[in-house]
Every structure is written in C-alpha cells, then in structure tokens.
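Owing to the predicted nature of the structure, the values given are computational and were not obtained by experimental measurement.
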Amino acid sequence: MLLRGVLLVVSLYVTVTYAGSTDTQEALSGPGPLTDAHHRVPVMLGVMSRCPDALLCETLFDKVIPKVAPKIDLSLAYVARINSSDSEFGVTCPHGRDECAGNVQQLCVAKYTPMRTWWEFVMCQNYQGRDQIGTPDVAFRCARTAKIDWTDSGVGRCAGMDGSGTGAEGVLLLQKSIWITDLLGITKSCTIVINAEKVCVHDETWQACENGHEIRDFVRQIEAEYQKLNGMVRVPY
C-alpha cells in the first residue's frame, strides 16, 4: 500500500511538473510505436544540477533513453534543503545559489517543452561546464540550441524573463521537487529511481547497484518493469 501511494505521488509529480513532455513516444526516437493504452515506467534521476555525479549519470542516460524512450516517463528531481530564510528560492542548494537557478531553469524547460527538447537543454548546459550551469547566458544559449522560445513558450515566465532562474513559478516547482526527493529518501546525487525503487547511486563511485550500472543494465531493468506494469511475462533482471 505504501509503495502504491509513493507511485501515485511520483506519477502526479511527473504529470504536473513535466506537463509539456509526457508524450515520450513522440519526444524521442525509440524502438517502435506503442499504443496509448500502455503504462510507461517512471524513471527519475535524483540530481543536483551542478553536481559532477549528476552530469555523469545524465551522460550515461543520454545513451539509455533512445533504447527505451516509448516506455518511460523521465523526470529529474533535485536534492537540496528547504530554507525559509532564503529570500530568492526558499531553498539551500549544496553547490550554491547558481545551482538553485540551474535547477529552476531545467524544471521550467521540462514543464513547457517536450522531453526531447528539455533533455537537449539539460545536456547543453552540462556541455558548457558545471560551473556555468544556472547562469543566464548559458540558459539563453542552450534555449537557442534546443530551439526554445524563451519569451513565448512559458519558460521565461516560469524561470524569469531575465534568465535568472528566480521566477515564482519555477521556485515553487523546485520546492515541490525537493519534497519529492525527501519523500523518496533521496539524499545523494545521482540517485537512479525506476518505478519508485532506488536501483543505483553514483556518489564518486557506483554504489548500491545490485542489478548493474552499465547502459544495458538500466535498459534491462526498465524493460522488466515495463513488462510488469503491462501484465506481460516478467523478464528477470
């Protein structure tokens, strides 16, 4: 019953926060079309936008996603601490104020653009170097790279038209995201969660990865969860 409740909360988080990107099948090329009736596997990366472990996980998942794209709902959830005394975000981020801004930028892009677009934006930010993530210049540059209209898409209103990452809507998304990581007990970046179960952590090294940490291992686990969710014969991990 507890797991079912957590799954429901995670599903609602993805639906509300990633409203513009839930059509994963169209968003990224993947292996074959699926019907609308199928249940996608929620895949969440618990990250900090400026964390080197997060960048490593995201680089790895950049190779996982095309193999399973029609079968997953992908989201990022952020590891930080609610801090009511912080006047900008109401949050303290482990890598500083600009990490909070980067988190907000990524959440806002994810809310208002398809998965293919927001993922390209995140990967573009990573490519600029983690010490540049969260800066307005990089946000605008990566928006252009991903063909995002910052002004009219809703992203700018959410994150701040000036690219600061301090827009009220985006700050609220960040606070909700931290609530999710707290609920799931995610304390380390990067934590990989498949169908509400923590399956692997990278914190300087790979840890608690019972079923492996290679690209093929995550693909296999996602495929197995997809079959379970859709009443198919279970594929052993």
- prompt: Can you list the steps and then say if L56 with C190 is a side-chain contact (heavy atoms from CB on, under 4.5 Å)?
  reply: CA-CA 8 Å; L56 184 148; C190 167; over 6 Å; no
query: So which pairs with a foot in residues 159-168 pass side chain to side chain donor-acceptor pair (under 3.5 Å), sequence neighbours left out?
result: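 Applying side chain to side chain donor-acceptor pair (under 3.5 Å) to every pair that reaches into residues 159-168, excluding sequence neighbours, yields D162-S164, S164-T166.
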field: side chain to side chain donor-acceptor pair (under 3.5 Å) partners of residues 126-142, not counting sequence neighbours, each pair once
entry: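 Residue pairs passing side chain to side chain donor-acceptor pair (under 3.5 Å), neighbours aside: E58-N126, Q128-R141.
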task: Check step by step if side-chain contact (heavy atoms from CB on, under 4.5 Å) holds for V91 and Q175.
output: CA-CA 7 Å; V91 167; Q175 293 171 359; 3.9 Å; yes
- request: Could you list the residues that satisfy salt bridge (charged side-chain N to carboxylate O under 4.0 Å, His left out) with D217, not counting sequence neighbours?
  value: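 Testing D217 for salt bridge (charged side-chain N to carboxylate O under 4.0 Å, His left out), a comparison that skips the adjacent residues, returns R220.
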task: List for me each residue that meets salt bridge (charged side-chain N to carboxylate O under 4.0 Å, His left out) alongside E169, sequence neighbours excluded, and say none if there are none.
output: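 Partners of E169 under the salt bridge (charged side-chain N to carboxylate O under 4.0 Å, His left out) test: K111.
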query: So Y226 and H39, ring pair (Phe, Tyr, Trp, His ring centres under 6.0 Å) or not? Walk me through it.
result: CA-CA 7 Å; Y226 179 80; H39 300 286; 9.0 Å; no
Taking all non-hydrogen atoms of both residues, which atom of [X] and which atom of [Y] are closest, and how far apart?
X	Y	result
V171	F89	CG1-O, 3.3 Å
A101	G134	CB-O, 3.6 Å
L229	P42	CD1-CD, 4.4 Å
W119	F61	CZ2-C, 4.2 Å
I186	G46	CG2-CA, 4.1 Å
P94	V79	CD-O, 3.6 Å

- prompt: Can you name the residues that form a ring-ring contact (aromatic ring centres under 6.0 Å, His included) with F121, not counting sequence neighbours?
  reply: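 For F121, no residue satisfies ring-ring contact (aromatic ring centres under 6.0 Å, His included) once neighbours in sequence are set aside.
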Between [X] (side chain) and [Y] (backbone), is there a donor-acceptor pair under 3.5 Å?
X	Y	result
K198	G185	yes
S177	Y78	yes
Q105	G163	yes
E197	V193	no

As an exercise, state the distance from [atom1] of [X] to [atom2] of [Y], rounded to the nearest 0.5 Å.
X	Y	atom1	atom2	result
Q221	I192	CD	CD1	8.5 Å
L76	I180	CG	CD1	13.5 Å
C158	L107	SG	CG	7.5 Å
M44	L184	CE	CG	6.0 Å
L173	I178	CG	CD1	11.0 Å
H213	N211	NE2	CG	11.5 Å

Can you find a heavy atom in the side chain of [X] that is under 4.5 Å from one in the side chain of [Y]?
X	Y	answer
R40	K71	no
S49	Q106	yes
T113	V155	yes
S75	V43	no
I148	Y112	no
L174	W179	no

message: Can you list everything that forms a disulfide (SG to SG under 2.5 Å) with C51? Sequence neighbours excluded, please.
response: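 In terms of disulfide (SG to SG under 2.5 Å), with neighbours along the sequence ignored, C51 is linked to no residue.
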task: For I215, enumerate each residue passing the side-chain contact (heavy atoms from CB on, under 4.5 Å) test, keeping only those at least two apart in sequence or located in another chain.
output: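 Scan of I215 (side-chain contact (heavy atoms from CB on, under 4.5 Å), adjacent residues dropped) gives L60, K63, V64, K67, V219.
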Hydrophobic cluster identity match, [X] and [Y], side-chain contacts under 4.5 Å:
X	Y	answer
W118	L172	no
L45	I72	yes
F218	M123	yes

query: Which residues pass the side-chain hydrogen bond (donor to acceptor under 3.5 Å, both in side chains) test with S87, sequence neighbours left out?
result: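 Testing S87 for side-chain hydrogen bond (donor to acceptor under 3.5 Å, both in side chains), a comparison that skips the adjacent residues, returns none.
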task: Just jot down the side-chain hydrogen bond (donor to acceptor under 3.5 Å, both in side chains) partners of T92, sequence neighbours excluded, or say none.
output: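 If we apply the side-chain hydrogen bond (donor to acceptor under 3.5 Å, both in side chains) test to T92, skipping adjacent residues, the hits are N83.
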query: With clusters built from Ile, Leu, Val, Met, Phe, Trp and Tyr whose side-chain heavy atoms come within less than 4.5 Å, directly or transitively, what are the remaining members of the cluster of L55, listed by chain and number?
result: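 Same cluster as L55: I133.
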- request: Consider only side-chain N and O atoms of S189 and D53, and report whether a donor and an acceptor are under 3.5 Å apart.
  value: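 The criterion, which ignores hydrogens and geometry beyond distance, is not satisfied for D53 and S189.
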Any pair counted as salt bridge (charged side-chain N to carboxylate O under 4.0 Å, His left out), so long as it reaches residues 81-101, sequence neighbours left out: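 Sorted result for residues 81-101: R50-D98, E88-R97.
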message: V41 vs D73, test: side-chain contact (heavy atoms from CB on, under 4.5 Å). Steps then yes/no.
response: CA-CA 6 Å; V41 179; D73 278 329; over 6 Å; no
message: Test: ring-ring contact (aromatic ring centres under 6.0 Å, His included). Region: residues 146-174. Which pairs qualify, not counting sequence neighbours?
response: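 Matches after skipping sequence neighbours: F140-W150.
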